[in-house]
Number of protein chains: 2
Amino acid sequence: MTMSTTPPIDEVARDAAARLRAAGLRPTRQRVALVRALFGQGDRHVTAEQLYAETQALDVGVSLATVYNTLHQFTRAGLLRELAIGSGRSYFDTNTGHHHHFFYEGTGQLVDVPGELVQVASVPLPPKGTEVSGVDVIIRIKDGGC
Amino acid sequence: MTMSTTPPIDEVARDAAARLRAAGLRPTRQRVALVRALFGQGDRHVTAEQLYAETQALDVGVSLATVYNTLHQFTRAGLLRELAIGSGRSYFDTNTGHHHHFFYEGTGQLVDVPGELVQVASVPLPPKGTEVSGVDVIIRIKDGGC
DNA sequence: TTCTTCTTTAGAATCATTCTAATCTATTGA
DNA sequence: TCAATAGATTAGAATGATTCTAAAGAAGAA
Ligand SMILES: [Mn+2]
Ligand SMILES: [Mn+2]
Ligand SMILES: [Zn+2]
Ligand SMILES: [Zn+2]
C-alpha cells in the first residue's frame with residue numbers, strides 16, 4: 001500500500017492551472033484560488049456567497065462579481081453543475097456525475113444520492129424537436145421536531 | 001348523458017367564497033377574484049407576476065402584495081403547492097396531488113407528469129429525527145435545436 | 001517589451017420577494 | 001342597523017441574490 005503524502009503547494013497550484021488551461025481559461029490568481037477552494041477537498045455544494053466568504057479569508061481576495069463569473073464559466077466548461085433547489089440562491093456542485101440530492105430544508109445543506117438508487121420509469125416524451133436535458137430528483141428533508 | 005352548462009356568475013362566486021371559508025379565510029373581493037383565476041379552469045402552474053397581470057386585466061384590481069400574500073395563504077391551506085424549479089421565481093401549482101413535472105427551459109412552462117410514471121427506488125434515509133417532506137422530480141426539456 | 005485580448009472589480013442596476021405601517025373591510029353581537 | 005374589532009389590502013420602501021457597466025489590471029503572443 002502507498003502512503004498518501006500532501007502534495008507540495010506549488011504542485012497543487014500547477015494542477016489547478018492545468019485544469020483551467022484545459023478548460024480554455026487563463027489561470028489567473030483568482031481562478032486558481034477558486035479551483036483550489038472548490039476542488040481541493042471532496043465533493044462540495046456551495047453557493048456564491050459561501051465561496052466568496054471562503055476566499056475572503058484567504059490571502060488572495062476575490063470579488064463577488066468574479067466569484068459569480070467564475071462559477072458560471074466553470075459550469076459552462078463542465079467542471080460544475082448548477083443546482084436550482086429552492087427559489088432563492090443557486091448551488092454549484094463539484095460532482096458532475098449522475099446523481100441526485102437530499103435537501104435539508106432547515107440548514108439548506110445538500111447531500112448526494114447516487115444516481116443508481118433512483119429509478120425513473122420511462123415517461124411519455126413531449127413534442128418532437130425537444131430533448132431531455134436532465135432529470136433532477138430532490139428529496140426534501142424536514143429536520144423533524146421529534 | 002348530461003349537457004354541461006355554464007354556471008351563473010353568482011354561483012361561481014359563491015363556490016369561491018365557500019372554498020375560502022372552508023380554508024378559514026375571509027372571502028374578500030380580492031381573494032374571490034384570485035380563487036376564480038386560479039381554479040376556474042383546469043390545472044395551472046402560475047407565478048405571482050403572471051397571476052398579478054391576469055387580475056390587473058379584470059375589473060377587480062389586486063395588488064402585487066396581495067397576490068403574494070394570498071398565494072402563500074393558499075399554499076398553507078393546502079389549496080396550492082409551491083414549486084421551486086429554477087432559482088428565480090416560484091411557481092404555484094393548483095394540482096396538489098402526487099405528481100412531477102416537465103420543465104421547458106426555453107419558455108419556463110411546466111407540464112404535469114402523473115406520479116405513477118416515476119418510480120423512485122428506496123433510498124437510504126438520513127439521520128433519525130428527520131423526515132422526508134417531499135420528493136420532487138423535474139424533467140428538464142431543452143427546446144431542441146434540431 | 002508591446003500589443004491585444006481577456007479578466008477583474010466597485011458600484012450601480014435589476015428582479016423577485018418581503019416588510020412596514022397606514023388605510024380599509026368583513027364579521028359579529030349589541 | 002351599527003359600532004367595535006380583528007383581519008385584509010396596499011403603496012412604497014427594503015431586502016437579497018444576481019447581473020450589468022465601464023474602467024483599470026493582468027496574461028499571452030509576437
Ligand atoms: Mn446562474
Ligand atoms: Mn415563497
Ligand atoms: Zn451533488
Ligand atoms: Zn403540477
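Proteins get letters first, then strands, A, B, ... in listed order; numbering begins at 1 in each.
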### Query
For the side chain of A:Thr70 and the backbone of A:Val67, is there at least one donor-acceptor N/O pair under 3.5 Å apart?
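Judged by distance alone, no pair lies under 3.5 Å.
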Rounded off to whole Å, could you give me the [atom1]-to-[atom2] distance for the [X] and [N] pair?
X       : N      : atom1 : atom2 : result
B:Leu71 : D:dT9  : CG    : C1'   : 15 Å
B:Phe74 : D:dA8  : CZ    : P     : 11 Å
B:Leu20 : C:dA26 : CG    : C1'   : 13 Å
B:Phe92 : C:dA16 : CZ    : P     : 14 Å
B:Glu49 : C:dA16 : CD    : P     : 6 Å
B:Arg89 : C:dT14 : CZ    : C1'   : 12 Å
B:Arg76 : D:dG7  : CZ    : P     : 14 Å

### Message
Taking B:Glu54 first and then B:Arg44, would you say they form a salt bridge - that is, a charged N and a carboxylate O separated by under 4.0 Å?
### Response
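Looking at B:Glu54 and B:Arg44, the cut-off is met.
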### Message
Any carboxylate oxygen within less than 4.0 angstrom of a Lys/Arg side-chain nitrogen, looking at A:Arg81 and A:Asp136?
### Response
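Salt bridge between A:Arg81 and A:Asp136, a charged N being under 4.0 Å from a carboxylate O: yes.
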### Query
Are B:Glu131 and A:Arg140 close enough, and set up right, to give a salt bridge (Lys or Arg N to Asp or Glu O under 4.0 Å), and what steps lead you there?
CA-CA 8 Å; B:Glu131 186 187 337; A:Arg140 293 177 190 278; over 6 Å; no
### Task
State whether B:Tyr68 places a side-chain N or O below 4.0 Å from either non-bridging phosphate oxygen (OP1 or OP2) of C:dT18.
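The answer is no; no side-chain N or O of B:Tyr68 sits under 4.0 Å from OP1 or OP2.
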### Query
Should B:His72 be listed as having a side-chain N or O under 4.0 Å from OP1 or OP2 of C:dT17?
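No, outside the criterion.
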### Query
For residues 100-111 of chain B, which residue pairs qualify under side-chain hydrogen bond (donor to acceptor under 3.5 Å, both in side chains), counting only residues two or more places apart or in two chains?
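Qualifying pairs: A:Ser133-B:Glu105, B:His45-B:His101, B:Asp93-B:His101, B:His99-B:His101, B:His101-B:Asp112.
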### Summary
Protein-proximity profile, nucleotides 7-13 of chain C, B/S/- by nucleotide at the 4.0 Å heavy-atom cutoff, equals SSBB---
### Query
How far does CG of A:Leu71 sit from OG1 of A:Thr75, to the nearest 0.5 angstrom?
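Here the interatomic distance stands at 6.5 Å.
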### Message
Here's a test of your reading of the structure: between B:Arg21 and B:Gly88, which maps to the more 5' nucleotide of DNA chain C?
### Response
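Closest to the 5' end, via its nearest nucleotide, is B:Gly88.
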